[in-house]
Amino acid sequence: MTGANTETEPRVGWGDALRATLRLISFRISQTELINLGRKHLAFGLFCAWLVGMGRYWDNPRVGLFQHLGVGSVIYVFILSLFLWLIILPLRPKHWSYFRVLTFVSLVSAPAALYSVPVEKVFSLDTSNSINVWFLVVVAGWRVVLLVFFLRRLGKLNWFSIVIATLLPLTLIVVTLTILNLDRVVFDIMSGVRERSPNDASYEILVWLSWLSISLFIPILICYLGLVISRFLASRGVVKTPNNSGRHE
C-alpha cells in the first residue's frame, strides 16, 4: 500500500500529465499508468481543481473568499480523497494508497469545468437553473462511473465489492447532510441555483436522492461490514473468500 515511488518514478512532463488526464476521464487509462501516477500528475490535478473551483463560483455571491479563489475546491480534494481511501481500505483493493486516490480525485475534477459555463448570461433564471442542475447531474454521474472504473482497473475488486464501495460513501454523505439539514444548501451551491420554489424539479430531485440514500444506507452498510469481516477472516486464514477478481483464494 505504498504511494508514488520517488526513486523509480519516471520523468513526466506537463503534456504527459494532460494526456493521462484525458485518458482517465475517457476510461482509457491502463492499470500500469494508474499505478505509476506521480507528483506531476497530482500537481496537474490540483491545478485543475483550483481552476474549476474558481470557475464554479466566479459569479456566485453566496460563497466565501476561499471558494472564489478556488482554495475551497483544493481542500475538498484532500478531504474527499482521505474519506474514500479510509472507507475502501478495509476491502483490500490492490495497489491502494492515499497518494493514488488523491491523484485520481484531483484529476477527475476536470469535468467540473461545465460549472463555469455562464448560462445565466444567456438564458432566463428558470432555464439556467435547470441547465445548472443537469450540469451537476452529468458531472456527478461521470465521476461516479470514473470511481467504478478506478476501483476495477486499479484495485481489481469484484463487482459486488465495487458496488458497495461506490454506494456507501455516496449514501453516507447524503444521509449526513440530510441529518444536518445542509443538503439543500450544498445542492444549491454545487448546482449554481440562485432562487428556487419548493415545487420545482431541482427540489424534487434532491428529495428523491435524500430518501433513496436513507433507504439504502443500512442495507449497504450491512453488506460493507460483511465484506470487511470476510476479508479480515480470510487474511487470518479462517475462511476462504473470493479474491478481488471473483475467484476463490
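Since this is a predicted model, take the numbers as computed values, not measurements.
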(request) Determine the minimum heavy-atom distance between S109 and R143, stating which atoms define it. (result) CA-NH2, 3.3 Å
(message) Is the ring pair F149/F27 parallel, tilted or perpendicular, if the boundaries are 30 and 60 degrees?
(response) perpendicular
(message) In this structure, would L82 and L89 fall into the same cluster of hydrophobic residues linked by side-chain contacts under 4.5 Å?
(response) yes
(message) Contact between Q31 and K94 at the side-chain level, heavy atoms closer than 4.5 Å - yes or no?
(response) no
(message) Looking at L91, is its backbone amide N or carbonyl O close enough to the side chain of W96 to form a donor-acceptor pair, meaning the two atoms are under 3.5 Å apart?
(response) no
(message) Show the nearest heavy-atom pair for residues F99 and R39, with the distance to one decimal.
(response) CZ-N, 3.8 Å
(request) Determine whether L37 and L42 make a side-chain contact, defined as any pair of heavy atoms from C-beta on separated by less than 4.5 Å. (result) no
Show me, pair by pair, the donor-acceptor contacts under 3.5 angstrom made by side chains of residues 162-174, not counting sequence neighbours?
residue	atom	partner	partner atom	Å
T166	OG1	I162	O	2.7
T171	OG1	L167	O	2.9
T171	OG1	L168	O	3.1

(request) Provide the closest heavy-atom pair for R231 versus N158 in the form atom of the first, atom of the second, distance. (result) NH2-ND2, 3.9 Å
Let me check something: any side-chain donor-acceptor pairs from residues 212-220 under 3.5 Å, sequence neighbours excluded? List them with distances.
residue	atom	partner	partner atom	Å
S213	OG	L209	O	2.9
S215	OG	W211	O	2.8

(request) Check whether any side-chain heavy atom of L154 sits under 4.5 Å from a side-chain heavy atom of R100, and report yes or no. (result) yes
(request) Check I25 against V108 and note the closest heavy-atom contact, atom names and distance. (result) CG2-CA, 4.5 Å
(request) Find out whether V77 and S81 are in side-chain contact, i.e. whether some heavy atom of one side chain is under 4.5 Å from a heavy atom of the other. (result) yes
(request) For residues F47 and L51, determine if any side-chain heavy atom of one lies less than 4.5 Å from a side-chain heavy atom of the other. (result) yes
(request) Say whether, by atom type as modelled, one donor and one acceptor occur between the side chain of Y224 and the main chain of I87 under 3.5 angstrom. (result) yes
